[in-house]
Undergrad: 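Shown below is the structure under consideration.
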2 protein chains.
Amino acid sequence: MSPRPADPAVRSELVDTAARLLAEEGRKGFTVRRLAAEVGVSTMAVYTHFGSMEEVRQAVRREGFARLGERLDAVRPTDDPVADLAASGVAYITTGLDHPQLYREMFPDRPIGQRATGLDGGAGAAAGGDEAFGRLVGGVRRCVDAGRFEDVGELGARGWAVQLWTMWHGMVSLAVAGLMPVEHVSLHYTDMSWRLFVGYGDDRVSARASLQEALF
Amino acid sequence: MSPRPADPAVRSELVDTAARLLAEEGRKGFTVRRLAAEVGVSTMAVYTHFGSMEEVRQAVRREGFARLGERLDAVRPTDDPVADLAASGVAYITTGLDHPQLYREMFPDRPIGQRATGLDGGAGAAAGGDEAFGRLVGGVRRCVDAGRFEDVGELGARGWAVQLWTMWHGMVSLAVAGLMPVEHVSLHYTDMSWRLFVGYGDDRVSARASLQEALF
DNA sequence: GCTGTTATATAACGGCGTTATGGGATACTT
DNA sequence: AAGTATCCCATAACGCCGTTATATAACAGC
């Protein structure tokens, strides 16, 4: 009285193919029929492994954040947490620019009536995004613990993390939307990180030196 | 031998209704049939005034930037350009948060193969976005001319403008996507503006005072 | 008033996400 | 080993979508 088990390989292949389709052909090429045909199954296979196309998108979202996490993990921590943080930003932005359609899918529209919860608020959060955000908070906290960041402010390390993410995400979004040329991203990232991390005073030489090496 | 003229009132009504539909019901309710029915015409009317649904979206985009421009213009310049700039940011972010779906539509996906041009690069640019960006550059330049911004850097006033836009857009995007609770936006905006405008040193007291009044 | 041109309505076409139907594979029961 | 319950998945359909072919109606110039 047991059922026929679903092939888990089919599911992961569907997710991978979905991510590839989205990256290569954009939203327009990302359809059930196309996805099923690409994997070599019928459209119903999609509906057995996922309840709807929206859940496929959610799985792709998770996959996107997982890949982002890998890219961030590839930044091996050194003994300079500020430089590490800057390098993480480079990894983040590079990831977004490499796969713009996939990146965009990771930040979906909320249904209209729905209240905005968020990473910074604790609960809810995007699929897999909280993990990446936690990584970022850890990176900031390392800087604070090392005494490299003063004036953490009332928002604390989480506040720093949110604002870093704001900068990163803003840059990726503007570049992807075509409002900032990609060849200027590096310069703006360096310049803006400088302002955020170092400020205008002549103090904080250590952070300045770290940035000089880490920024791309 | 002259043709029957198209009613220009229908066109503008189509744009307004499209913007309203998008704002109220999101992408899902934004269809030709729905739009035509709402205005009280047939679907063909849409195709006489616009070549395709994509052009309707482009018109909505322009409308969105026009409304954003109005909101920015509503910030009357005072004798304190730094405070004005901060207030413009409040107006920008508020506009985005008020109509998230419309805001999101203003930054569309580029077709996959297409090169990223951008406001900061001169040519191309989004529909109507260049005007809003020009306004922002003007606001920054007023600060620079008044001697309120030092260290403009190699990117100049345009660089400042791009980075301000990056912050604004990043905050709106994260909040709209649900990754930053909207009730935290104000605090983060104040905090981050502080860091960008003022920095860590105890100098630049004038900018600090301006922010204290203008930030929401 | 006739004629050429265009705006709009009706209806169709292919493709979309989703679902109903049905056959066949699987794993437990006896 | 045969029976059977269970679920995977392919086929085909449904109602939608954006777009377009066709036909009719409204206008401007002769």
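Chain A is the first sequence line, chain B the second, and so forth, proteins listed ahead of strands; every chain is numbered from 1.
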Undergrad: Determine the sole option in B:Tyr103, B:Tyr92, B:Phe133 for which the ring-ring contact (aromatic ring centres under 6.0 Å, His included) test with B:His169 is passed.
TA: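 That would be B:Tyr103; it is the only one of B:Tyr103, B:Tyr92, B:Phe133 passing the ring-ring contact (aromatic ring centres under 6.0 Å, His included) with B:His169.
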Undergrad: Would you say A:Thr31 places a side-chain N or O within less than 4.0 Å of OP1 or OP2 belonging to C:dC16?
TA: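 Yes, such a contact exists.
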Undergrad: For the pair made of CD in B:Glu54 and P in D:dT20, what is the distance, rounded to whole Å?
TA: 14 Å
Undergrad: At under 4.0 Å, does any side-chain N or O of B:Thr48 touch on OP1 or OP2 of C:dA7?
TA: no
Undergrad: What integer distance in Å separates A:Lys28:NZ from D:dG18:P?
TA: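 So the NZ-P distance, A:Lys28 to D:dG18, works out to 12 Å.
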Undergrad: With nearest nucleotide decided by heavy atoms, which residue, A:Ala45 or B:Gly51, maps closer to the 5′ end of DNA chain D?
TA: A:Ala45
Undergrad: Quick one: which of C:dA9, D:dT19, C:dG17 gets closest to the side chain of B:Tyr47?
TA: D:dT19
Undergrad: Minimum heavy-atom separation for A:Ala86 to A:Tyr189, with atom names?
TA: O-OH, 2.7 Å
Undergrad: Taking OP1 and OP2 of C:dT8, is either one under 4.0 Å from a side-chain nitrogen or oxygen of B:His49?
TA: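 Yes, within the criterion.
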Undergrad: Using a heavy-atom cut-off of under 4.0 Å over every strand shown, decide if B:Phe30 touches base, sugar-phosphate, or nothing.
TA: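 Sugar-phosphate only.
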Undergrad: Taking the basic N atoms (NZ, or NE/NH1/NH2) and the acidic carboxylate oxygens, is any pair closer than 4.0 Å for B:Asp191 and B:Arg195?
TA: yes
Undergrad: How many Å lie between CD on A:Glu13 and P on D:dC9, as a whole number?
TA: 12 Å
Undergrad: If we only count heavy atoms from C-beta on, is the A:Arg62 to A:Met106 side-chain gap below 4.5 Å?
TA: no
Undergrad: Rounded to the Å, how far apart are B:Leu14 CG and C:dA7 C1'?
TA: 13 Å
Undergrad: Kindly indicate whether the side chain of A:Arg33 and the base of C:dG17 share any N or O donor-acceptor pair separated by less than 3.5 Å?
TA: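 Pair found.
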Undergrad: Mind calculating the distance between CD (A:Glu25) and P (C:dG15) to the nearest angstrom?
TA: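 Rounded to the whole Å, the gap is 15 Å.
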Undergrad: So which nucleotide from C:dG17, C:dA20, C:dT8 ends up closest to the side chain of B:Met44?
TA: C:dT8
Undergrad: Under 4.0 Å between any heavy atoms, over every strand shown, what does A:Met53 touch: base, sugar-phosphate, or nothing? Just pick one.
TA: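 Touches sugar-phosphate only.
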Undergrad: Could you state the atom-to-atom distance from CZ of A:Arg34 to P of C:dT18 in whole Å?
TA: 18 Å
Undergrad: On a heavy-atom basis, which atom in A:Asp73 and which in A:Arg76 lie closest, and how many Å separate them?
TA: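 Looking at all heavy atoms of both residues, the closest pair is O-NH1, 3.2 Å.
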Undergrad: From the list D:dA13, D:dA10, C:dT10, which nucleotide is the closest neighbour of the side chain of B:Thr43?
TA: C:dT10
Undergrad: In whole angstroms, how far is the C1' atom of C:dC16 from the CZ atom of A:Arg27?
TA: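 The distance from CZ of A:Arg27 to C1' of C:dC16 comes to 15 Å, rounded to the nearest Å.
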